[in-house]
Amino acid sequence: MHISLLRVKIMFTAPIIQEKFFDRVSILELLDKKLKSFKEGYRQNIAITGHRFLGKTSLLLHFLLNLTDDKIIPVYVEIRHESPRNIADRFSGVLLYNFFKKLNQRVDSDLNSLVNMGEKVIPKTVETIRNIKSLIERGEIEAGYSLLFDLTYIFEQETGKLCLVVLDEFHLLDQGLGLSSPFSDLGKKIMVQKDTMYILASSMVEKTRDILSRKLNLLFGNFEIIELKPFDTETGKQFLEENLNEVGLQDYDKRFLILFTGGYPFYLSVISRELKKLHGDSEHKLSGEELIIHTLTSLLFYQGGTLNQYFMGILNQLNEPGIFSGALKILDAISRDEKRLIFIANDVKMPLKEVSNHIKYLMEIELLARNGSLYKFNDRVLKVWVRSSWTLRESSLNFNPQEQAKQFGMEIKRLISDFRLESKKEPRQRVMGLFRQFKNDIVEIDKKNYKLPQFIEAEASGIDNIVLTHQVAGSKKRWLCAVKEKEVRENEVAEFALRCKKNKDKVHKRLLIVLNRIDVNAKLLAKQEKIVTWDINNLNMLLDLYGKEQIIL
């Protein structure tokens with residue numbers, strides 16, 4: 001068995017830049033802190049989640065490769081769609097490899113060689129590894145799986161070394177391994193093995209929450225959950241500046257790329273590499289916009305494009321009987337901002353129940369997400385690809401690839417133009433445009449459900465206010481909203497509360513949208529005055545949900 005983890009050259013994706021890891025400082029500090037506590041006898045396990053391309057695996061590998069403590073042996077295993085024997089061999093091999101590496105011994109990546117090395121030094125551990133292999137080869141998968149997760153305990157008893165076990169994409173333990181209850185069995189081991197610390201990581205955010213809350217519920221309180229988020233605007237700009245210094249993009253070009261990628265580190269990294277390549281290859285240096293159009297066309301439209309190949313791979317996985325055709329139609333409809341179930345069904349001309357079943361499947365594999373009564377893509381780049389690249393090739397009457405590529409480029413040009421146009425509008429104007437999209441939808445914001453009524457009027461009032469009117473059972477009701485671009489302090493909240501009370505018509509809901517920050521006292525006063533506060537992340541989530549350009553400051 002050839003062990004490739006933590007030894008061979010690792011093809012890091014963003015946020016790693018060659019030898020340098022970008023951002024995620026607070027998370028790395030937290031991992032360091034937890035590891036120090038573990039050494040001192042207090043263990044808290046960690047669960048790390050985050051959608052594909054947010055840099056979860058890069059974060060873990062960077063952390064492990066910089067772990068120098070000789071007392072702690074890291075065991076990183078990426079769970080894949082493979083046989084139980086392969087997983088057991090990789091787990092055992094990585095444990096042995098890193099143990100001997102810490103002893104400064106010359107090691108091979110062959111499992112048999114590592115086992116032979118360990119016969120005299122750690123005989124009980126080696127005997128256990130052989131027993132695991134024997135059980136699995138005899139078809140006793142459950143017993144072999146159970147013994148595999150006893151391995152670190154036996155190893156610790158024999159060596160005095162603590163183990164840090166990292167199971168990447170751990171949700172795959174219940175898929176194709178022939179195990180009846182892999183998570184509850186793992187949970188029992190974690191409970192009793194105080195000298196092994198676990199980091200469970202997964203790109204399936206909702207499934208991870210479900211596993212932790214239901215199948216590992218006895219351990220739920222013993223897991224600190226870290227959810228990776230995209231880069232914010234400032235971090236995204238710093239990333240692009242550090243990677244594209246010689247390209248010389250304008251600020252609005254960088255802000256467009258952050259919007260386009262949703263701040264996903266992987267996409268920013270892939271696009272940066274291609275931008276640099278095209279910039280260097282071009283005889284006549286292209287402008288920022290032209291360079292971005294050529295770059296995105298190369299990556300997303302041409303067959304050999306990195307992102308095009310990846311997304312085609314995703315679509316090819318939707319090959320379950322009765323799924324493929326309907327799922328593609330639904331993805332296409334939602335990419336064009338059909339977001340309500342009944343409208344999606346009308347668009348794809350399928351029965352509601354059938355559409356609902358397809359959407360349920362697409363949500364299970366986390367291509368789609370639901371917020372209240374609305375559906376959306378988890379991945380902004382995938383949405384653009386489905387709407388523009390895939391649909392263009394599937395539906396275009398022009399079979400000339402060069403002409404199709406030109407059409408795709410025009411679509412990217414339109415996206416850039418729309419972004420610039422929207423960026424020139426004042427935030428209050430953009431918020432009013434958003435409110436006009438509401439159609440009595442239910443939406444979750446900060447874990448609270450809001451009914452967003454269909455407003456019959458949306459008018460600017462004063463410096464930053466918006467008066468919104470909707471109708472309920474024949475009577476008019478009003479929302480009063482203020483959009484604040486600068487930091488909000490207590491006195492501004494007090495003024496807004498007074499304005500609400502003085503309004504000649506009774507205000508049904510008071511809403512404060514804060515684009516910068518709100519200090520603690522101001523937030524407390526807003527809560528006391530029953531003023532709902534939304535920050536820029538809440539606002540951008542709604543803008544994205546309703547197919548509007550997000551605000552990238």
Side-chain angles (χ1 to χ4, degrees), residues 1-10 12 16 19-21 24-25 27-46 48 57-78 88-130 132 148-168 189-190 192-201 222 224 226:
M1 171 73 187
H2 196 75
I3 306 299
S4 61
L5 297 171
L6 294 181
R7 179 176 183 270
V8 300
K9 182 180 178 183
I10 299 168
F12 288 115
I16 287 181
E19 298 299 317
K20 184 180 177 182
F21 191 84
R24 310 301 195 196
V25 175
I27 297 175
L28 290 170
E29 288 175 348
L30 177 64
L31 293 176
D32 275 329
K33 181 180 175 182
K34 295 298 179 187
L35 210 55
K36 285 173 185 172
S37 296
F38 174 49
K39 270 186 67 180
E40 293 165 2
Y42 176 72
R43 179 196 67 163
Q44 184 171 32
N45 301 302
I46 292 171
I48 299 178
T57 300
S58 294
L59 172 77
L60 289 169
L61 293 176
H62 176 79
F63 175 69
L64 293 175
L65 288 170
N66 284 279
L67 177 60
T68 57
D69 195 318
D70 290 339
K71 186 173 172 60
I72 297 176
I73 306 299
V75 183
Y76 172 90
V77 179
E78 181 187 358
D89 283 353
R90 287 193 293 116
F91 190 108
S92 305
V94 172
L95 174 63
L96 294 177
Y97 179 90
N98 285 320
F99 169 65
F100 287 118
K101 197 74 175 173
K102 294 280 187 183
L103 296 177
N104 294 316
Q105 293 195 24
R106 186 177 177 182
V107 288
D108 197 351
S109 57
D110 178 70
L111 179 58
N112 291 330
S113 173
L114 291 167
V115 167
N116 291 336
M117 284 178 69
E119 280 184 322
K120 292 181 180 179
V121 187
I122 41 173
K124 291 180 182 177
T125 301
V126 165
E127 182 185 3
T128 304
I129 290 171
R130 285 178 170 151
I132 292 165
L148 178 65
F149 288 104
D150 285 333
L151 185 58
T152 57
Y153 169 75
I154 293 164
F155 174 79
E156 186 274 331
Q157 292 292 301
E158 195 167 31
T159 66
K161 305 277 188 183
L162 300 171
C163 286
L164 171 64
V165 174
V166 181
L167 301 180
D168 200 353
K189 302 290 183 184
I190 295 174
V192 298
Q193 293 176 11
K194 304 297 184 184
D195 293 318
T196 299
M197 178 177 166
Y198 282 83
I199 298 179
L200 305 182
N222 193 238
E224 173 143 358
I226 299 170

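Between F91 and V165, the closest side-chain pair of non-hydrogen atoms falls below 4.5 Å. At least one side-chain heavy atom of Y198 sits less than 4.5 Å from a side-chain heavy atom of Q193. Between F99 and V121 there is a side-chain heavy-atom pair separated by less than 4.5 Å. A heavy-atom distance below 4.5 Å is found between the side chains of I199 and I48. Proximity of M197 to L162: side-chain heavy atoms (C-beta onward) are nowhere separated by under 4.5 Å. Between S92 and L148, the closest side-chain pair of non-hydrogen atoms falls below 4.5 Å.
Panel note: side chain S37, backbone K33; a donor-acceptor pair is recorded below 3.5 Å. Listed for the R90 side chain is a donor-acceptor partner under 3.5 Å among the backbone atoms of E78.
Around the OH atom of Y153, the shell of radius 6.0 Å holds no more than 12 heavy atoms that belong to other residues, nucleotides or ligands. Heavy atoms of other residues, nucleotides or ligands lying less than 6.0 angstrom from NZ of K101 number 12 at most.
Of the charged side-chain nitrogens involved, none lies within less than 4.0 Å of a carboxylate oxygen, so that E156 and K194 do not count as a salt-bridged pair.
Taking each heavy atom of R43 and I190 in turn, the nearest pair found is NH2-O, 2.8 Å. Across K39 and I72, no two heavy atoms sit closer than the pair CG-CD1, 3.6 Å. Heavy-atom minimum distance, I122 versus F155: CD1-CE1, 4.3 Å. Considering all non-hydrogen atoms of both residues, L28 and H62 come closest at CD1-CD2, 3.9 Å. Shortest non-hydrogen contact noted between P74 and L64 is CB-CD2, 3.8 Å. Pairing each heavy atom of Y76 with each of T57, the nearest pair is OH-CG2, 3.4 Å.
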**Item:** Chi angles and distances behind the side-chain contact (heavy atoms from CB on, under 4.5 Å) call for D69, L35
**Value:** CA-CA 10 Å; D69 195 318; L35 210 55; over 6 Å; no

**Asked** When you look at V75 and N98, which way does the side-chain contact (heavy atoms from CB on, under 4.5 Å) test go after all the steps?
**Response** CA-CA 8 Å; V75 183; N98 285 320; 5.9 Å; no

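The distance from atom CG of D89 to atom CG of L114, rounded to the nearest 0.5 Å, is 11.0 Å. To the nearest 0.5 Å, the span separating CD on E158 from OG1 on T128 amounts to 8.0 Å. The line from CE of M117 to CG of L103 is 8.5 Å long, rounded to the nearest 0.5 Å. One finds the CD1 atom of I46 at 5.0 Å from the CG atom of L31 (value rounded to the nearest 0.5 Å). With values rounded to the nearest 0.5 angstrom, K34 atom NZ is found 8.5 Å from I226 atom CD1. Residue L96 holds its CG atom at 7.5 Å from CG of L151, rounded to the nearest 0.5 Å.
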